[in-house]
Every structure is written in C-alpha cells, then in structure tokens.
Amino acid sequence: MDLVRTVVDAVIACFNCRENDSRSGEPTERSALLQHNADQRILQVRRISENQRVEVEYANSFPTREKDEQSELVKIVQETNSNIIDVAALDTHHMLEQSEYNCRVKTYTQRLAQQWNTIPTTETNYNGLLKDVANPEQLLTTNPPTSDDVISAREFIKDIAQAINDIKIDNHEDLVVPFQVT
Amino acid sequence: MEAKMDSILDAMMQRDQVTGVLIADNQGLSCGTRGMAHSQASGLITEISHQAAKIHPNLDAPVVILESENTSVTISKYGPHTGAIYKKKSPSKK
C-alpha cells in the first residue's frame, strides 16, 4: 500500500508541477494542501533520530537480550539463595552456649516475676463452707459418727423425755394458806 | 421427783468420752446439765434441733452432730424435749 501511495503521490506531484509551471505557482483546487511525501519522510527521520537518541541516552535501561537472560538468571539464583534454609549454618550461627542460655533463663524469669508483681490482682472472696475452719483436713479426716452414737443418742433422749414426763409433784401441804387473816 | 432424770444423766456421764449432757424443753429452758454442758446453750441447741426437724417434717427429728476440733455435740429431739451429749473426739484412724 505504501508503494502504491508513494507512486500516486509522485504522479500527483508531477501534475502539480506542470500546473504550477503553467499558472506561475498560484495554488489551485488541485494543489495539495500538505506535501505528503516530504512530511512523512521528515516524520520518519525524526522518529528514527529520536529512537537513536533514547537508546544512546538510556543504554543501561535497555538491556540487550543477552543481558536480559543474564539478569533473569541472576534473579533466579538470588531467589533460590534467599529461599534456601541452611540448617547446618543455622546451628552454627544461633547456637547458644550453656552459660549464656542459663543467664537468659534467669533474666527472663526475673522479668516475668516483675511483670507478675505489677499486674493488679483482685482479691478473691472464698465462699466455701469451711472458710472459717483453720485446718479443714483434720476435721474431715476424723472418724465419722457411728450408728451406735446415733442410736444411743436417740435412746438417751427417749429415756430422758420419759423421765421428765414421769415427774409428778406431790402435794404435802394445804393449797390454800390463810394470809393476814385477823 | 426428778430422781429418775438425774440418774439417767449420771449414767450417761459415765460412758466413754462423754464430757457433758444437757436436757432442754420445747422453749429452750434447761431441765438439767452435767459436765461441760452449759445451761446457757440450751436455747441454741433447742433451736438447732427445731430447724433440723423442718427438713423432713413427716419423719422423726434427725440427730444433729456438731463437730469441732476436739469435741462433738450430738443433738437429738424427742417430742418437746431436746438433749445434747458432749463427747471428746476419738483420734482418727490413719
């Protein structure tokens, strides 16, 4: 298409030249408003020169294909290197000596104790049944009451109640006593 | 007159580990005491037996045993009368 267009343009330019010659350079209705061919060439030249300038200025930012592959490889190597967990190296680097370990245990326990002391604790009120008993374990480990105790207590109160009911008041004196009788 | 009651109280005091005996009527009036039992405790003992009898009104009044470190008090009720037997606690079996 470009070729065809250039040919057509060239033909049109030839016609224009003839008419320009015949009409002493005055623009007619057939004269082209824009000189296509020349402008396109100028634009192409400008684009090419600009591309070259950008490539020269930012040569480092436009790596070649080889550089791309190299950087990709380097990137992969770095990623794998960062993802690898070297257990042996860890052991050697993070190995604590026994004395340092004990020292750290002491410091951590001390800090924990300090933190516990600073925490406000609410006093718990015990509502147990044996809260007023000093040594409930002694009370609870004693022998339970036997059935003989219960039976003897029942017999005792029965006998006593019978005895109280049997109490009789014997009258030995007069019930009516003369008082201040003249 | 109250000789029979006295004899029963004395007989109870002769038993092992018994340290006191108390008898009270329905109103908490002390009818007789022996040993470490104090007549002023008769009202409390009577009230305890009354409250315990309310647990199962249709049954006989239960026997209440109060235990302290060295002494136990066995409270029993029969009719209008309430009795308390103070006992020294036996050492626990281990």
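A note on names: the letters A, B, ... follow the listed sequences, proteins ahead of strands, and every chain is numbered from 1.
Of all residues spanning residues 50-64 of chain B, those with a heavy atom less than 4.5 Å away from chain A's heavy atoms are D60(B), A61(B), P62(B), V63(B), arranged by number.
With T82(B) as the partner, the side chain to side chain donor-acceptor pair (under 3.5 Å) test is satisfied by one option alone out of S49(B), S42(B), S76(B): S49(B).
Side-chain polar atoms of D149(A) and T146(A) form a donor-acceptor pair below 3.5 angstrom.
Neither the backbone nor the side chain of S7(B) has a heavy atom closer than 4.5 Å to any heavy atom of chain A. Heavy-atom distances place the side chain of M12(B), and not its backbone, under 4.5 Å from chain A. When heavy atoms are compared at a cutoff of 4.5 Å, K158(A) approaches chain B by way of both its backbone and its side chain. Heavy atoms of I160(A) lying under 4.5 Å from chain B belong to its backbone as well as its side chain. Within the 4.5 angstrom heavy-atom criterion, only backbone atoms of K77(B) (N, CA, C, O) approach chain A.
The number of heavy-atom neighbours closer than 6.0 Å to CD1 of I119(A), taken from other residues, nucleotides and ligands shown, is above 12.
With respect to chain A, the highest number of heavy-atom pairs below 4.5 Å among I65(B), I23(B), I85(B), T74(B) belongs to I23(B).
The two residues I167(A) and E2(B) come nearest to each other via the heavy atoms CD1-CB, 4.0 Å.
A donor-acceptor pair is defined here as one N or O able to donate and one able to accept, closer than 3.5 Å; no such pair exists between the side chain of N81(A) and the backbone of V77(A). Counting only distance, with no hydrogens or angles, the side chain of S39(B) and the backbone of S30(B) share no donor-acceptor pair below 3.5 Å.
Here R104(A) pairs with E100(A) in a salt bridge; the nearest charged N to carboxylate O distance falls below 4.0 Å. We find that D159(A) and K4(B) are not joined by a salt bridge, their nearest charged nitrogen and carboxylate oxygen being 4.0 Å or further apart.
In the hydrophobic cluster analysis, where Ile, Leu, Val, Met, Phe, Trp and Tyr join through side-chain heavy atoms closer than 4.5 angstrom, M13(B) is grouped together with I157(A).
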